[in-house]
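Step one of this worksheet: look at the structure below.
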Amino acid sequence: MKQHFIYIVTFLFILSGCTSSKPTEVKSPDGQIRLAFVLDDNHRMSYRVDVNDTAFIASSSLGFLAKDGVNLSEGFRIVSTDFLSADENWTQPWGENKTIRNHYNEMAVHLADTTNTKLVLRFRVFDDGIGFRYEYEVAGADSILITDELTAFNIAQDGTSWSIPANYDTYELLYRTQPISKIDNANTPMTFKTGNTYASIHEAALTDFPEMTLKNVGDCQFKSELAPWPDGIKARMAGNSFKTPWRTLQIAPEAVGLINSGLILNLNEPCALEITDWIRPMKYVGVWWGMHLGVESWVINDRHGATTENAKRYIDFAANNNIEAVMFEGWNEGWENWGGNQSFDYTKPYADFDIKEIARYAKEKGIEIIGHHETGGNIANYEKQLDNAYRWYADLGVHSVKTGYAGGLPDGHSHHGQFNVRHYRKVVQTAAKYHTTLDVHEPIKDTGIRRTYPNMMTREGARGMEWNAWSEGNPPEHHVMLPFTRLLGGPMDYTPGIFDILYERAKKNPNRKQWNMKDSKDCRINTTLAKQIANWVILYSPLQMAADMIENYEGHPAFQFFRDYDADCDWSQALAGEPGEFVAIVRKAKDKYFLGAATNEMARTIDIKLDFLEKGKSYKAIIYADTKEADWETNPTAYEIIEKQVTADDTLTVAMARGGGQAISFIPI
Ligand code: NOJ
Ligand code: CA
């Protein structure tokens, strides 16, 4: 995580005491993106963005409103403007790409009002987009209550968009493809295309602030709407100064350019942990899907999933199949209160889960345990036990925990407000203290804080696999939407890889108890089997789960892909794709490459040049493909495994069925 600055140039323009209706501008290093800040004669602040000399974001307002006469938006004058350029490579302990180039031009506009309240508007323009944030110092204030954010994104032209609705409690919603002008409100990342340019609005480094959502206030004009506290205040800042998260706009000439962008991570602070060698990506299986299918239960009874016997069966499977970890849900007391008073106990295992023996057995077999803390949204109950719970797990050798917030928050708090953003961060810091990595379900959205806290490895924050167990499920387009939207923020624990696509085994199980939900009777997985395998590559997670019950993997030839897969990748590239239509992504881990391609409900054939392979080397390509007869609706499990010898000079024709996909491992010969 060493910083290597190649050059830094600073100019200082003193425009002391005057307003300027002339724009103050900064361009991307390649000159294609230009951002202008304008302070008009009425002292109103705005910015605009041009791409290739064409208006992309038209004049859009800036600033905040606050209570008690605190001024955060009006009457500012420019004091000075600094320009700076940076070009550095930095490395991270894990990630889609371990080395990232951070190359930008910065313009910091220093403003002040007549009471000496100061504001620095820091704009950074990269070749792959822009980011800006507010740094306030309010004269005479000892605390600040923010009531509204005025930041706008006035998209200059209508076009197509891909987003989920704004919601302060959940991101587990289906994506909509619609004209930008038809969006009512949206959560970020909100992805869109106007003309030939793709872009996505999001935020980076969300720290001690509520999340930003977007509200359409006219045509294609979007305004920030912050998740409020129960009393309507948006953010409570102690003291007289604060910095906001970065407001970001990733920009690319091709849709895959958004996936290949490092902008969100570049706008986060460097690693705050001194030692990171205890953090490592892992593949895992878990006692999990059986509960969602209703053949096992979280609560202790005759269907209990997390028993000592079952735990050992999963550990044995992991040890025999080159899988590093096993996760157990429903192991601790409190599940009987889930949906009730949500009082889980994080140090009391159920009587039939002998955690000491299980930890001993896992260690003997060289398998890590991923623990589980469901909170049901009872933050107070969790925080009361937090330190002790992580210490207790660490003493048992458990250094990775999945958390969950399935349930409403008390006292009218929302999941995505500042109150809970603080809570999520506290958990990350507590886990780090005990050298514990995290996989957060029902999380705050990913804004790249994994750069600062690499133990914050993965999270849910979108409709994951579980929805296929008890609802109409995720449609085929969902998995080719996620990489262009949700995953722009960071990794996702989607929990892919279900092989019993139609739940044939589960349906035969006499112990199965159906969820009492509208669609739970006809539910199934809405993809082909080959696409389930491709999703292990496409839906990036450094903790990657093979989510099915292990009996559905035992003896299955296609499970070889997951045995070969290496979750610790060094380099990735999205090769081709369009949001909601298809995608092809390749990742390199040590000397192996893994490729995943997937399509929506349309059958599709794409040609993939293998020029990403090392030149002069031969590889065995093991291809997991839909057969000609495969179709997600009528014949989802028709797959074949084909082996070929290939080099970097070859092109592969990847044929995908309706709702299908293809996964390929490239192993050097
Ligand atoms: C919702 C999570 O997304 C899921 O993975 C988990 O099994 C349940 N909550 C219970 O904690
Ligand atoms: Ca969930």
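Since the structure is predicted, the reported quantities are computational estimates derived from the model, not experimental observations. Just so you know, ligand 1 is whichever comes first in the structure, and atom 1 is the first atom listed for that ligand.
- Ligand 1 does not have Trp289 within reach: every non-hydrogen atom of the residue lies 4.0 Å or more from it.
- The nearest N/O/S atom of Glu466 to the Ca ion (ligand 2) is OE2.
- Below 4.0 Å from some heavy atom of His372 lie the following atoms of ligand 1, by number and element: 11 (O).
- Neither the backbone nor the side chain of Trp467 comes within 4.0 Å of ligand 1, counting heavy atoms alone.
- Here is the list of ligand 1 atoms found below 4.0 Å of a heavy atom in Glu460: 3 (O).
- Between the side chain of Trp515 and the backbone N or O of His292, at least one donor-acceptor pair lies under 3.5 Å.
- Taking every non-hydrogen atom of Trp288 and a distance limit under 4.0 Å, the qualifying atoms of ligand 1 come out as 4 (C), 5 (O), 6 (C), 7 (O).
- Because its NZ or CZ atom is both nearer than 6.0 Å to the ring centre of Phe562 and within 45° of the ring axis, Lys283 counts as a cation-pi partner of that residue.
- Ligand 1 has no nitrogen or oxygen under 3.5 angstrom from a nitrogen or oxygen of Trp298.
- Within Glu442, the N/O/S atom positioned nearest the Ca ion (ligand 2) carries the name OE2.
- Considering Met545, His292, Met327, His441 only, the shortest heavy-atom separation from atom 2 (C) of ligand 1 involves His441.
- At the top of the distance list for atom 1 (C) of ligand 1, counting protein heavy atoms only, stands Glu442 OE2, 3.0 Å.
- For Glu172 atom OE2 and Glu460 atom OE1, the angle they make at the Ca ion (ligand 2) is roughly 70°, to 10 degrees.
- Residues Tyr434 and Tyr390 keep their aromatic ring centres 6.0 Å or farther apart.
- With hydrogens and angles disregarded, no donor-acceptor distance shorter than 3.5 Å links the side chain of Asn420 to the backbone of His423.
- At under 3.5 Å, not a single nitrogen or oxygen of Glu172, backbone or side chain, sits near a nitrogen or oxygen of ligand 1.
- Put simply, the side chain of Asn535 never gets that close to the backbone of Leu539: no donor and acceptor are under 3.5 Å apart.
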For a ring-ring contact (aromatic ring centres under 6.0 Å, His included) check, start with the C-alpha distance between His372 and Tyr346, then their side-chain angles and the critical distance, and finish with the verdict. CA-CA 9 Å; His372 186 236; Tyr346 303 105; 9.1 Å; no
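- Between Met291 and ligand 1 there is no heavy-atom distance shorter than 4.0 Å.
- Here atom 5 (O) of ligand 1 lies nearest to Lys402 when heavy atoms of Arg463, Lys402, Met465, Glu466 are compared.
- Residues Tyr624 and Tyr639 place their aromatic rings such that the two centres sit no closer than 6.0 Å.
- At a threshold of 4.5 Å between non-hydrogen side-chain atoms, the residues Arg463 and Leu174 count as touching.
- Shown in contact with Trp335 at under 4.0 Å from a heavy atom are these atoms of ligand 1, numbered in order with element: 10 (C), 11 (O).
- Contact of the Tyr540 side chain with the Cys569 side chain is registered, since non-hydrogen atoms from C-beta on lie closer than 4.5 Å.
- What sits closest to atom 7 (O) of ligand 1 on the protein, heavy atoms only, is Glu329 OE1, 2.6 Å.
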Before you tell me yes or no, could you show the steps for Val421 and Glu211 under side-chain contact (heavy atoms from CB on, under 4.5 Å), namely the whole-Å CA-CA distance, both residues' side-chain angles and the distance that decides it to 0.1 Å? CA-CA 8 Å; Val421 168; Glu211 78 164 356; 5.7 Å; no
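- Of the protein's non-hydrogen atoms, the one nearest atom 9 (N) of ligand 1 is Glu374 OE1, 3.6 Å.
- Counting heavy atoms under 4.0 Å from ligand 1, residue Trp338 touches it through the side chain alone.
- His415 places a side-chain N or O within donor-acceptor distance of the main-chain N or O of Tyr405, the cut-off being under 3.5 Å.
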